[in-house]
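Data first, discussion second: the structure below is written as structure tokens.
Just the heavy atoms: all of them, side chains too, but no hydrogens, waters or symmetry mates, feed the values below. None of these values were measured; they are calculated from a predicted model.
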Amino acid sequence: MTSDNYFSLKFESGYLVYLDQTRLPSIESYITTDDYKRVAESIKCLEIRGAPLIGIAAAYALALSQKEAYCEDVFNEAFSVLASTRPTAVNLFVALNRMKSLHDRLPEKDRNFGNFCREAMSIHREDELMCEAIAQNGADILPDDCTILTHCNTGKLATGGIGTAFGVIRRAFEQGKIKKVYADETRPLFQGLRLTSFELHKTGIPYTIITESTAGVLIRDKKINAVITGADRIARNGDAANKLGTFTLSVLCKHHGIPFFIAAPSTTIDLEAKAFSDIPIEERKGDELLRYLDKTYSNQHFEAYNPSFDVTPAENIDGIITEKGVFRYPFSFK
Ligand code: MRU
């Protein structure tokens with residue numbers, strides 16, 4: 001019997017409660033805090049992760065910075081600490097700027113914890129609703145009897161709702177359209193192996209874990225009907241940054257004639273970024289990939305290059321599934 005009796009994050013009695021994603025899938029433990037600095041740390045070390053969820057957590061954290069009393073300096077300090085956690089997911093900046101614009105609009109007497117919390121809750125609820133619409137729009141375009149390959153993690157663990165790419169898969173599964181899902185492990189932090197497998201298991205969707213290198217033969221042999229991933233930032237022309245390895249999958253799909261889709265809320269579209277070169281790509285410490293089982297190889301005499309994301313060019317993307325509908329290449333989001 002499976003059940004999705006877990007949540008990624010909730011706001012309760014003035015505290016943020018969230019699942020520590022670094023300990024999944026073996027340990028389901030929740031962190032409870034009202035300290036914005038602790039939330040910022042959690043975003044940095046991926047206890048909280050996934051573009052929409054990062055934005056939601058940051059909005060709550062900014063509200064929490066005002067729990068004791070309103071203080072403009074603390075608000076600004078919290079804003080910059082949170083904004084410096086992870087550079088690629090634009091949802092972080094969209095959420096923080098929305099909180100800041102509320103702050104600037106409110107007369108000083110109304111700049112209080114309650115009002116900031118209400119805004120953060122709206123951001124959270126809106127994301128949940130966008131996930132629902134993305135799921136429906138995506139499920140509508142999938143054929144029956146589908147085998148899907150997905151990358152990284154885009155479910156409840158990454159959003160305020162049922163997920164983006166994962167939401168599409170889940171809704172299509174409920175409609176009887178999904179035969180099976182391949183989730184690739186997603187090196188070096190194994191979001192596919194640890195987190196997507198956790199969510200697929202909890203929702204009862206049949207799945208198989210593969211290495212990223214296995215995708216090539218499965219796509220070539222037409223064992224997959226479509227690849228669907230999420231995104232961290234989509235430029236105005238449709239170039240889409242997502243977890244490293246997404247670009248490779250898109251090239252394989254294009255070469256072998258397999259549809260490649262991105263699913264994301266409109267808050268992931270950055271109209272100020274014209275194309276891929278305007279998207280900042282996070283580079284993480286090489287140590288993260290110099291590990292095998294319990295051993296660390298970072299004391300050896302070699303270097304590691306560890307960009308966290310890559311950018312898939314717009315022309316490799318068959319459709320971008322949003323809450324507003326499915327956009328097709330060439331993309332125009334206005
Ligand atoms: O480094 P992560 O785990 O935060 O990366 C997450 C991804 O790349 C997701 O695909 C993306 O944020 C979309 S989540 C709906």
| Is a side-chain donor-acceptor pair under 3.5 Å present for Asn115 with Glu119? | no
| message | I'd like to know if Arg187 pairs up with Glu185 as an ion pair, taking the criterion as any Lys NZ or Arg NE/NH1/NH2 lying under 4.0 Å from an Asp or Glu carboxylate oxygen. | response | no
| Glu199/Lys202 ion pair, N-O < 4.0 Å | no
| task | Would you mind checking if Glu282 and Lys44 are paired as a salt bridge, meaning a charged N to carboxylate O distance below 4.0 Å? | result | no
| Presence of salt bridge, Lys285 and Glu288, under 4.0 angstrom | no
| Is the NZ or CZ atom of Lys156 both under 6.0 Å from the centre of the six-membered ring of Phe7 and within 45° of that ring's axis? | no
| message | Closer than 3.5 angstrom, by distance alone: can the side chain of Arg233 be matched with the main-chain N or O of Asn242 as a donor-acceptor pair? | response | no
| Does the Asn306 side chain pair with the main chain of Gly286, one donor and one acceptor, at a distance under 3.5 Å? | no
| message | Just checking Phe190: does its CZ atom have more than 12 heavy atoms from other residues, nucleotides or ligands closer to it than 6.0 angstrom? | response | yes
| task | Check the surroundings of atom NZ in Lys274: do more than 12 heavy atoms from other residues, nucleotides or ligands lie under 6.0 Å from it? | result | no
| request: Look only at the side chain of Thr196 and the backbone of Cys152, and say whether a donor-acceptor pair between them is shorter than 3.5 Å. | output: yes
| Among Glu283, Lys243, Arg284, the one residue meeting side chain to side chain donor-acceptor pair (under 3.5 Å) with Ser308 | Lys243
| said: Keeping Thr150 on the side-chain end and Ile228 on the backbone end, is there a donor-acceptor pair under 3.5 Å? | reply: yes
| Six-ring centre of Tyr182, Lys180 cation under 6.0 angstrom, axis tolerance 45° | yes
| query | Between Arg23 and Ser29, does any side-chain donor sit less than 3.5 Å from a side-chain acceptor? | reply | yes
| query | Is the count of non-hydrogen atoms from other residues, nucleotides or ligands lying under 6.0 Å from His255 atom NE2 greater than 12? | reply | no
| field | salt_bridge(Arg171, Glu132) N-O dist < 4.0 Å | value | yes
| query | Under a 4.0 Å N-O cut-off, is there an ion pair linking Asp4 with Arg170? | reply | yes
